[in-house]
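Note sheet for the following structure.
Both ligands and their constituent atoms are indexed starting at 1 by order of listing. Values below: all heavy atoms of this structure, side chains included; hydrogens, waters and symmetry mates excluded.
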Amino acid sequence: MKKIISHPTSPTSNLTPVIGIEVHVQAKTKSKMFCGCKSVYEGAAPNSLTCPVCLGLPGALPVPNKKAIEAAIKLGLALNCKIQEHSFFERKNYFYPDLPKGYQISQYQKPLCINGFINIGNRKIRINRVHQEEDTGKLIHEKDATLIDFNRSGVPLIEIVSEADISSAEEAVAYLKRLQQTIRYLGISDADMEKGSMRLEANVSIQERGKFKVGNSTVKALGDYNINPRVELKNINSFRFVKKAIEYEIGRQWKMDGTLVQETRGYDEKKGVTFSQRGKEESQDYRYFPEPDIPPMRFEKVWIEKLRKGLPELPDVKENRFVSDYKIAKKDAIILAETREKADFFEAVVAEKVPAQEAANWIINRSESSKLSSKELAETIRKSKSGRIGDTEELKKIIRQVLVDNHEPVEDYKKGKKEALKFLIGKVMFATRGKADVKVTKQILEKELT
Ligand code: ZN
Ligand code: MN
């Protein structure tokens, strides 16, 4: 009999959520993983980007894409993985209409990268593996038919498998955000969840604290403890829903004590619930075996080290450097390092001899700042110290001049492009050396533009 004290997310509970996440990202390469077809398929006519290799026709021979392999290894390096000097592809056999060969070329025994980690706060989330594979075609379900588009078939995928070290929905989101940020820093993928270039599956279970061990992408019982079944969550395509789906699932499993089954569940965004998709299944036997049409790969240490040296400064290093170099608050450093573009912009403004914390405050609190050049923003900040423009008539005059000088954004705004307003506010900010009140400026602008 289990002694349940309280909800598993409560620190005083004898239970804890145990979560592992599998992520697939599409590598941004010109051509597909094993053929010369274009891998950017957005907007292309269905089945127009195909050839015998990615259609799985008999006798067609796959040739690995070096750029895709480089991308996967770069990610492995950025995630503190060990890069395996010896690696090979395998066939993962299963039948599905979007998989014309009847198998996916993937990796099993010897993935490119193993044993990495991501730090979130003071927690270390271990990465079991980063491996390379190919995407499947896309099924389009119509009213009375299902259509197949093979343009996506064979697009390079990088799979990142975490250990089940994650113990809350917040931690899952933090892990995924850091992973996405790292991938975008490397420029190897758009990693866009809404557009499907980043997809995830979360394995969620609830276990008794201290009675299990996590490793080798499994959760093992210690002693005579019986592991509770896990649920695989699918169909989650935004960070907001990751949090909601996992929270819902933890609550559901807690209430189901004793009657829970192992299954795959989807997330219904509208109802905010998870629902059963596939019943109890043991790990399938995919009959993995080495892909006979692709020779094993051997990577030289020098080549791997060259890739390591070519990595950009990564988010955690940048955040810490911003704190130590510029003496800005850590929370500000985290915001400024969100993207490489924002971080570079901040440093360019500071290079114009603006006090760093002031530059940080402007960029963080006034989104119009990013519409200016670094020189313009620096000048604005420097001259902003001598008070505000109190006279609305004076401000109106300046704004009308800005509107005359910026014909194009004005037209954009009138066509419904709301971003253009920010650009115009930025120009007013610059013209007034930061002395215009942003709220008042916005009001006047909106009035003048209607
Ligand atoms: Zn092809
Ligand atoms: Mn996979």
Side-chain angles (χ1 to χ4, degrees), residues 20-27 29-42 44-69 71-72 75-76 87-96 98-114 127-138 148-163 176 179 183 189 191 193 196-203 217 232-236 264 278 281 283-289 291 293-294:
I21 298 182
E22 270 179 44
V23 173
H24 286 89
V25 288
Q26 284 180 337
T29 52
K30 280 198 193 111
S31 56
K32 291 187 182 180
M33 189 62 228
F34 299 112
C35 61
C37 294
K38 259 179 79 178
S39 69
V40 182
Y41 53 82
E42 215 181 336
N47 297 306
S48 61
L49 309 173
T50 56
C51 74
V53 172
C54 55
L55 286 173
L57 301 188
L61 288 172
V63 178
N65 181 334
K66 189 178 171 192
K67 284 273 178 247
I69 292 173
L75 181 57
S87 178
F88 54 86
F89 285 103
E90 298 198 49
R91 290 187 179 180
K92 180 183 183 178
N93 298 281
Y94 67 98
F95 172 78
Y96 209 67
D98 62 11
L99 190 73
K101 294 195 294 291
Y103 60 85
Q104 178 192 33
I105 303 181
S106 179
Q107 295 199 287
Y108 186 60
Q109 297 176 64
K110 279 277 184 183
L112 291 173
C113 325
I114 54 169
I127 310 264
N128 175 275
R129 54 159 59 209
V130 174
H131 78 232
Q132 188 126 55
E133 55 187 37
E134 55 177 340
D135 212 342
T136 59
K138 206 175 189 169
I148 310 181
D149 180 4
F150 285 115
N151 283 349
R152 200 181 69 179
S153 173
V155 167
L157 283 183
I158 304 171
E159 180 171 333
I160 306 103
V161 182
S162 87
E163 297 290 0
L176 288 165
L179 178 60
I183 290 166
S189 169
M193 297 220 317
S197 54
M198 175 167 168
R199 299 167 226 154
L200 72 103
E201 288 156 35
N203 285 303
S217 57
E232 191 172 317
L233 288 181
K234 288 194 168 180
N235 298 355
I236 307 173
T264 299
R278 265 184 283 156
E281 49 181 326
S283 66
Q284 280 180 58
D285 189 353
Y286 290 112
R287 300 280 159 132
Y288 279 100
F289 66 86
E291 164 62 63
D293 289 335
I294 305 174

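In this structure, OG in S153 is found 7.5 Å from CG in L99, a value given to the nearest 0.5 Å.
In this structure, the side chains of I105 and M33 stay at 4.5 Å or more apart for every pair of heavy atoms. Looking at V130 and L112, their side chains never come closer than 4.5 Å, going by heavy atoms from C-beta outward.
Residue E159 approaches the Mn ion (ligand 2) most closely through its N/O/S atom OE1.
Under 2.8 Å from the Mn ion (ligand 2) lies an N/O/S atom of H24, whether from backbone or side chain. For E133, the nearest N, O or S atom to the Mn ion (ligand 2) falls under 2.8 Å.
Under a 3.5 Å cut-off, the side chain of N65 and the backbone N or O of K32 do form a donor-acceptor pair. A donor-acceptor contact shorter than 3.5 Å links the side chain of S162 to the backbone of I21.
K110 approaches E90 most closely through the heavy-atom pair N-OE2, 4.4 Å.
Counted by atom type alone, E133 and S106 present one or more donor-acceptor pairs between their side chains at under 3.5 Å.
Of all protein N, O or S atoms, those under 2.8 Å from the Zn ion (ligand 1) number 4.
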